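All remarks here apply to the structure that follows.
Owing to the predicted nature of the structure, the values given are computational and were not obtained by experimental measurement. When a ligand or atom number is given, it counts from 1 through the structure's own listing order.
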Amino acid sequence: MTLKNDSNPRTFPGLASRGLAALLAVVFAATFSGCHSTPKTQPATKTSSTAQHPVEPIKDTMTPAQRDARIAWWRQARFGMFIHWGLYAELAGTWNGKRLENHPGEWIMNRDRIPVADYKKLAATFDPTKFNADQWVAMAKASGVKYIVITAKHHDGFAMFNSAANKFNIVDATPFKRDPLKALAIACHKQGIKLGFYYSQDQDWTAPGGAALRGGHWDKAQDGSFAEYVHTKVIPQLKELLNNYQGEDAPDEIWFDTPTKDMTPELAGEIVAVLNKHPNVLWNNRLGGGYQGDFETPEQHIPAQGYPGKNWETCMTINTTWGYKSFDTDFKSTETLLQNLIDIASKGGNYLLNVGPDATGVIPKPERDRMLAIGKWLKVNGDAIYGTQPGPFTDQHGAYSTTKKDRKGNPRWVPVWDWRATAKPGTVYVSIFEWPHATFSQSNQGIYAGRYKPQGAQVFPKREWHHGEAAGQSARSNRQRPSAADRIVIDKDSLAVHAPQSAQQVQLQRHDHAVRVLEEHIVLSIDISIDYLAEPTHPATEKKED
Ligand code: GLC
């Protein structure tokens with residue numbers, strides 16, 4: 001399915017104006033006692049491109065169940081931390097006294113056409129003595145992320161790991177002389193966090209033959225054969241990354257980037273042959289050569305309706321750069337980041353949120369603060385995120401405008417930021433971003449949501465809650481639902497259950513301990529569970545779902 005209209009997280013209507021206005025996240029879990037169902041796994045799509053490829057990815061030879069098991073941890077995770085760290089952090093966005101504007105910090109060599117020899121000299125002074133793998137991972141863990149992906153080699157060609165294959169690496173070329181990836185692999189293993197390595201397999205601005213996007217090579221030292229570059233640098237280094245860290249069970253994934261036409265199906269196939277020796281290692285859709293990989297990677301945006309039936313992960317910067325820039329203070333607010341996380345989970349995706357450590361090895365404080373604030377929220381409300389499937393409601397995300405067009409002339413997607421829902425078997429979690437009042441109703445017709453307006457309840461079209469709805473993966477209840485139109489009305493100051501026909505069967509529990517004030521923002525979290533104490537009575541005609 002092609003998604004033509006995406007919501008841009010930087011231009012969410014209404015979001016900026018909210019500023020520090022209270023983000024009211026009300027998460028309620030409606031628990032239907034005795035209702036169990038198995039979450040529908042992603043459909044086992046046959047990789048159509050495989051036929052053209054000289055080497056078939058190992059996952060395409062697996063049964064759907066094996067394939068699901070292989071990626072299960074990743075689907076559960078929902079939240080990861082990206083780390084862009086390399087020599088570019090030393091320049092911190094400034095070259096020859098000139099600030100790099102409008103481009104991310106890790107692109108500085110390319111954008112400023114820095115000669116290869118000059119750039120390589122940066123290694124001689126790269127000494128991140130404040131780097132502490134345990135602290136980074138502890139911070140990530142406290143932020144609630146389940147995995148970390150770190151740049152092992154970015155487009156500048158500098159390896160942040162010990163590499164016998166190429167001397168332009170942190171152990172051989174810097175006074176630091178240590179391998180931070182090793183330390184991270186150990187720390188991640190100790191603290192139970194998965195670890196992925198980002199590897200720029202196509203662009204390499206310091207290795208002869210490596211590709212350079214946005215204008216091509218600018219230094220004779222870059223000229224050479226792309227195939228030779230793949231054979232002498234990429235494949236040997238990938239083997240190092242895949243083999244040298246396994247003592248600590250790393251890596252769990254390889255994150256490729258910016259494929260160009262140079263990456264033919266044959267060359268990519270040689271890389272796939274290496275990856276196939278590590279059947280549990282996931283890899284993304286950016287290898288090139290037509291390979292699809294394990295998951296989609298929308299960058300800096302959240303697809304309007306996710307990618308139904310596919311695994312996907314939005315990667316995003318906290319400010320506007322991936323690699324550290326000393327002057328980029330354009331940080332997104334905690335509210336925005338949290339709403340993004342909830343929005344992504346409600347569409348069945350993962351959020352890979354980036355931090356850019358500086359040259360001393362410190363993750364900037366504004367980034368740490370935001371990550372940790374998200375972690376505090378997740379500590380209370382993590383149930384609504386981890387291991388969830390998209391919620392049963394589709395109206396929550398927005399709608400295509402009937403009058404406005406996007407740049408391509410298609411109906412424009414207009415996101416709505418009032419609330420989002422996620423689901424687990426038998427449970428729906430609703431996170432509310434905005435008062436006014438909200439009403440969520442269940443009836444024997446299915447579950448539907450409405451917004452309470454002072455002049456009366458406005459009910460969105462009813463949505464049956466069953467397999468195949470929305471993103472094709474909602475959970476379903478295998479029991480009949482309560483026959484009465486029980487309603488939960490959430491108001492700023494009160495909470496009420498309206499259960500006209502089955503009041504005796506409904507017990508509302510409100511856990512006030514779950515109310516938290518989060519630093520300067522008010523994040524109110526009310527955890528409500530509704531237990532149906534008895535099997536409700538159903539009209540005889542009601543169709544029983546299997
Ligand atoms: C882009 C950029 C790169 C960044 C990546 C993260 O492809 O080239 O600098 O690493 O996005 O997704």
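Regarding atom 12 (O) of ligand 1, its nearest protein heavy-atom neighbour is E299 OE1, 3.0 Å. The shortest contact between atom 5 (C) of ligand 1 and any protein heavy atom is with D257 OD2, 3.2 Å.
Within ligand 1, counting atoms from 1 as listed, the ones closer than 4.0 Å to a heavy atom of H154 are 3 (C), 4 (C), 9 (O), 10 (O). The contact set between ligand 1 and T258, taken as ligand atoms under 4.0 Å from a residue heavy atom, comprises 7 (O), 8 (O). Proximity to E106 (heavy-atom distance under 4.0 Å) selects the following atoms of ligand 1: 3 (C), 4 (C), 9 (O). Below 4.0 Å from some heavy atom of Y198 lie the following atoms of ligand 1, by number and element: 10 (O). Residue-ligand proximity, W255 to ligand 1, at heavy-atom distances under 4.0 Å covers atoms 12 (O). Ligand-side atoms of ligand 1 in range of W107: 2 (C), 3 (C), 8 (O), 9 (O), range being under 4.0 angstrom from any heavy atom.
A search for ring-ring contact (aromatic ring centres under 6.0 Å, His included) contacts involving Y229 returns F226, not counting sequence neighbours. Every residue meeting the ring-ring contact (aromatic ring centres under 6.0 Å, His included) condition with F158, not counting sequence neighbours, appears here in chain and number order: F168.
At least one heavy atom of C315 sits closer than 4.0 Å to an atom of ligand 1. Using a 4.0 Å heavy-atom cutoff, Q203 is absent from the residues neighbouring ligand 1. Using a non-hydrogen distance threshold of 4.0 Å, H155 registers as a contact of ligand 1.
If you look at Y88 next to ligand 1, there are no close heavy atoms at all, none under 4.0 Å. When non-hydrogen atoms are compared, ligand 1 lies under 4.0 Å from the side chain of H84 (C-beta onward) but not from its backbone. At a 4.0 Å heavy-atom cut-off, ligand 1 does not touch H103 at all.
Classification of E240 and K153 as a salt-bridged pair fails, no side-chain N sitting under 4.0 Å from a carboxylate O. Here D358 does not pair with K130 in a salt bridge; the nearest charged N to carboxylate O distance is not below 4.0 Å.
Residues P259 and Y291 have side chains not in contact (no heavy-atom distance under 4.5 Å, counting atoms from C-beta outward).
With W107 as the fixed residue, the ring pair (Phe, Tyr, Trp, His ring centres under 6.0 Å) test singles out one of W205, Y88, W95: W205.
When only modelled atom types and interatomic distance are considered, D156 and Y119 share a side-chain donor-acceptor pair under 3.5 Å.
Remark: K182 is not positioned above the aromatic ring of F161, lacking an NZ or CZ atom under 6.0 angstrom from the ring centre and at most 45 degrees off the axis.
In the displayed structure, E228 atom CD is contacted under 6.0 Å by at most 12 heavy atoms of other residues, nucleotides or ligands.
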